[in-house]
Amino acid sequence: MKVFCVAEYRFDELNPLSIELLNLANQIKGDGTAEAVVVGKNVGKYAEELAKYADKVWKVEDEGLENYTPDLYVDVLLQLAEREKPDLILIGNTAQGGEFAPYLAAKMNVPIATDVVAVDVSDGVKVSRYLMQGKLMVDLKLKSTPAVLTIRQGVFKEGPEVGGEIVDAGIKPSKESRRKFITFVEPEVGEVDITQADIIVSVGRGIEDASNIELAEELAELLGGVVAGSRPVIDNGWLPKDRQVGISGKVVKPKLYLALGISGAFQHVMGMKDSELIIAINKDPEAPIFGVAHYGVVADLFEVVPELIEKLKEIKG
């Protein structure tokens with residue numbers, strides 16, 4: 001299977017999701033290839049980074065592609081797809097990808113599935129995605145390929161290095177863009193990207209009040225991690241939206257996930273269940289979080305966490 005992965009970058013940085021797309025592509029390519037496509041002006045540095053994880057990287061470079069516009073992206077991607085005939089085209093489920101992916105699928109007259117969290121190619125192409133704010137997971141079987149898939153960030157963080165080649169696609173836009181780029185308006189950026197954190201201290205309803213978040217922050221600082229939370233904490237405004245773990249938030253795979261006072265609703269668990277080590281502290285012995293935790297402590301977090309903090313301070317001297 002030949003799998004194309006459309007890279008995304010902004011402000012001179014490659015979106016880590018671009019590598020995650022290649023990790024997925026390497027899982028499902030079989031005897032085929034995982035090929036990255038990077039579109040823009042002077043994209044050589046991104047191509048070099050992508051080549052570590054791709055069999056081949058296609059550079060599509062032109063002055064007119066300096067700034068993203070959906071019509072020109074689709075124009076050059078169509079040209080490349082018609083020539084190279086990929087079986088699947090993977091695109092990040094981001095604001096940018098969510099804009100041009102349906103456009104590309106419509107122009108190619110091929111199926112599209114969005115916000116995909118799993119892909120199975122053992123018998124055709126089957127994808128998994130969530131519905132009803134994460135209450136249901138559904139499997140969709142695509143009737144035909146090629147097809148376009150948009151992939152959720154944070155799901156495919158691990159994959160092999162490949163060391164592929166970089167090729168100039170020799171493709172230019174065939175038309176002028178109907179959209180004129182004016183300027184970037186940078187959104188408010190959170191202090192951390194929890195999808196990239198190795199250690200996460202996550203809090204739930206059991207933290208009881210916004211003032212108690214400081215306890216989790218102190219523990220996270222000592223561990224060299226970051227603080228995140230479940231949906232009730234976010235809905236109460238105790239942490240910003242970009243710290244939410246779960247189906248309606250972000251999917252994380254840290255080396256350590258320390259759950260403080262989190263009951264473990266399905267929607268939350270699906271956002272952190274693949275963490276390397278999960279430790280849960282909850283005073284309810286029947287809390288569902290213990291079903292996915294590697295280690296559990298049935299106790300009041302306000303008794304356990306201060307002791308953890310003191311012990312870490314002792315160790316650190």
Side-chain angles (χ1 to χ4, degrees), residues 3-26 34-62 64-81 84 86 88-105 107-108 112-117 119 129 147-159 162 164 166-167 169 171 173 177 179 181 183-187 189-190 193-196 242 250-253:
V3 186
F4 270 15
C5 304
V6 183
E8 182 174 320
Y9 58 88
R10 185 176 297 178
F11 305 128
D12 292 326
E13 288 189 1
L14 189 68
N15 188 333
L17 177 54
S18 303
I19 305 301
E20 293 174 23
L21 298 181
L22 286 167
N23 290 340
L24 171 59
N26 282 313
E35 304 183 15
V37 183
V38 58
V39 178
K41 175 187 174 184
N42 300 326
V43 296
K45 65 177 182 180
Y46 306 122
E48 289 178 6
E49 191 171 349
L50 292 164
K52 297 175 184 176
Y53 305 92
D55 296 300
K56 183 180 292 185
V57 179
W58 295 100
K59 292 194 303 178
V60 182
E61 295 183 301
D62 187 75
L65 297 169
E66 181 176 7
N67 296 298
Y68 161 76
T69 58
D71 50 349
L72 292 194
Y73 258 56
V74 169
D75 177 33
V76 295
L77 289 171
L78 272 174
Q79 293 182 57
L80 186 61
E84 299 299 325
L88 290 176
I89 300 177
L90 308 183
I91 299 169
N93 193 63
T94 62
Q96 179 174 301
E99 180 179 39
F100 78 83
Y103 185 9
L104 176 63
K107 284 290 187 180
M108 293 179 66
I112 181 172
T114 60
D115 201 16
V116 170
V117 297
V119 181
R129 66 187 306 272
V148 175
L149 308 179
T150 69
I151 308 299
R152 179 175 290 204
Q153 186 159 7
V155 179
F156 302 100
K157 290 178 68 175
E158 288 122 22
V162 176
I166 299 173
V167 181
I171 289 174
S177 176
R179 179 183 295 184
F181 174 80
T183 186
F184 279 113
V185 178
E186 295 191 44
V189 180
D193 179 358
I194 62 173
T195 66
Q196 303 305 311
D242 62 2
K250 294 182 178 180
V251 176
V252 298
K253 289 185 177 181

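A quick note: this is a predicted structure, and the numbers were derived from the prediction, not measured.
- Not a single side-chain hydrogen bond (donor to acceptor under 3.5 Å, both in side chains) links Glu49 to another residue, sequence neighbours left out.
- Residues satisfying the salt bridge (charged side-chain N to carboxylate O under 4.0 Å, His left out) criterion with Lys157, sequence neighbours excluded, are absent altogether.
- Looking at residues two or more places apart in sequence or on another chain, you find a side-chain contact (heavy atoms from CB on, under 4.5 Å) between Val43 and Tyr9, Val38, Tyr46, Lys59, Glu61.
- With sequence neighbours excluded, no residue satisfies side-chain hydrogen bond (donor to acceptor under 3.5 Å, both in side chains) with Gln196.
- Side chain of Lys253 to main chain of Val155: a donor-acceptor pair is present (N/O by atom type, distance under 3.5 Å, no hydrogens or angles).
- With sequence neighbours excluded, the residues forming a side-chain contact (heavy atoms from CB on, under 4.5 Å) with Asp71 are Thr69, Tyr103, Lys175, Ser177, Arg178, listed by chain and number.
- A search for side-chain contact (heavy atoms from CB on, under 4.5 Å) contacts involving Pro173 returns Asp62, Leu65, Leu72, Asp75, Val76, not counting sequence neighbours.
- In this structure Arg152 satisfies the salt bridge (charged side-chain N to carboxylate O under 4.0 Å, His left out) test together with Asp115, sequence neighbours excluded.
- Legend: residues meeting side-chain hydrogen bond (donor to acceptor under 3.5 Å, both in side chains) with Asn67, ordered by chain and number and at least two apart, are absent.
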Kindly indicate, with the supporting measurements, whether the criterion side chain to side chain contact (heavy atoms under 4.5 Å, CB included) is fulfilled by Phe156 and Leu21. CA-CA 7 Å; Phe156 302 100; Leu21 298 181; over 6 Å; no
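- Legend: side chain to side chain donor-acceptor pair (under 3.5 Å) pairs involving residues 11-26, not counting sequence neighbours, sorted by first then second residue: Asn15-Gln153, Asn26-Lys29.
- A distance-only check finds a donor-acceptor pair linking the side chain of Arg129 to the backbone of Thr114 [under 3.5 Å].
- By the side-chain hydrogen bond (donor to acceptor under 3.5 Å, both in side chains) test, Lys41 is found to be paired with Glu63, residues two or more places apart in sequence or in another chain being considered.
- Take Ala169 and apply the side-chain contact (heavy atoms from CB on, under 4.5 Å) test, not counting sequence neighbours, and it matches Trp58, Val60, Leu80, Arg83, Ile171.
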